[in-house]
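The structure appears right after this line, and notes come after that.
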Amino acid sequence: AILCRAESAEASLRDQVSGGKLKELRRLERRLSEQEGGIEFSALSPHDEIEPALDAFLEVERSGWKGREGSAIACRSADEAFFRQAAAGLHAAGALRLHWLKGRDRAIASKCNFVAGEGSYAFKIGFVEEYARFSPGVQLE
């Protein structure tokens, strides 16, 4: 999927998510925040070290069904090595986006996008399954 720039985050939500769904997502966000004592949305900045960020992304992506089914990047050492090398190069070029939804003491969801031209391509997303009822991947998106 490609995400194209919108005038603002609110404009993007209005264009892509129905009013009823948006209301439900905000309710789930409040409930998750209450359970965790607060939540935080964060992103890798251009000046952040890449390795700890990749570790955090891969840990969440491998934590659920993708890890059990063997489709997480970190399930195969050659895939993980390739991803780490590619991600480091993209980060150096300003074309890597890593995002997290964090709770009290850990990441609940993480996603990786690649930037090209005027858009951002969704590559991988993962979430900690015990939080599934809060739709953390959708919240992060």
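The structure displayed is predicted, hence computed values, not measured ones.
The two atoms that bring Ala74 and Arg62 nearest to each other are CB-NH1, 3.6 Å, heavy atoms only. Between Gly137 and Ala109, the shortest heavy-atom distance links the atoms N-CB, 4.2 Å. A pairwise comparison of heavy atoms in Leu101 and Pro136 identifies CD2-O, 3.8 Å as the closest pair.
Side-chain atoms of Lys66 do not come within 3.5 Å of backbone N or O of Val60 as any donor-acceptor pair.
Applying the 6.0 Å contact sphere to CZ of Phe41 captures more than 12 heavy atoms from other residues, nucleotides or ligands.
Applying the side-chain hydrogen bond (donor to acceptor under 3.5 Å, both in side chains) rule to Arg68 yields the partners Glu129; only residues at least two apart in sequence or on another chain are considered. By the ring-ring contact (aromatic ring centres under 6.0 Å, His included) test, Phe57 pairs with Phe83, sequence neighbours left out. Partners of Asp79 under the salt bridge (charged side-chain N to carboxylate O under 4.0 Å, His left out) rule, at least two apart in sequence or in another chain, are Arg76. Residues satisfying the side chain to side chain contact (heavy atoms under 4.5 Å, CB included) test with Lys21, not counting sequence neighbours, are Val17, Ser18, Leu25. Residues passing the side chain to side chain contact (heavy atoms under 4.5 Å, CB included) test with Ala95, sequence neighbours excluded: Leu90, Val115. With sequence neighbours excluded, the residues that form a ring-ring contact (aromatic ring centres under 6.0 Å, His included) with Phe114 are Phe123. Remark: Lys124 pairs with Glu61 by the salt bridge (charged side-chain N to carboxylate O under 4.0 Å, His left out) rule, at least two apart or across chains.
Going from atom CG of Leu54 over to atom CD of Gln85 covers 12.0 Å, rounded to the nearest 0.5 Å. Atom OG of Ser63 sits about 9.0 Å away from atom CD of Glu130, to the nearest 0.5 Å. Rounded to the nearest 0.5 angstrom, Leu140 CG and Ser135 OG are separated by 12.0 Å. Distance check, rounded to the nearest 0.5 Å: CD1 of Ile125 to NZ of Lys111 gives 5.5 Å. Distance CG/Leu44 to SG/Cys112: 9.5 Å, rounded to 0.5 Å.
Sorted by first and then second residue, the pairs that involve residues 41-51 and meet salt bridge (charged side-chain N to carboxylate O under 4.0 Å, His left out), not counting sequence neighbours, are Glu51-Arg84. The ring pair (Phe, Tyr, Trp, His ring centres under 6.0 Å) contacts involving residues 84-112 comprise nothing, where partners must be two or more places apart or lie in separate chains. Residue pairs satisfying the salt bridge (charged side-chain N to carboxylate O under 4.0 Å, His left out) criterion with at least one member in residues 86-96, sequence neighbours excluded, are absent.
Between Leu58 and Glu80 there is a side-chain heavy-atom pair separated by less than 4.5 Å. Inter-residue side-chain proximity for Leu98 and Ser110 is flagged as unmet; no heavy-atom pair is nearer than 4.5 Å.
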Query raised in the report: Please walk me through it: do Glu29 and Arg26 pass salt bridge (charged side-chain N to carboxylate O under 4.0 Å, His left out)?
Result: CA-CA 5 Å; Glu29 181 181 355; Arg26 288 189 172 136; 5.8 Å; no
Can you give the donor-acceptor pairs under 3.5 Å from side chains of residues 31-40 to other protein atoms, not counting sequence neighbours?
from: Gln35; atom 1: OE1; to: Arg133; atom 2: NH2; distance (Å): 2.8
from: Glu36; atom 1: OE1; to: Arg104; atom 2: N; distance (Å): 2.9
from: Glu36; atom 1: OE2; to: Tyr131; atom 2: OH; distance (Å): 2.9

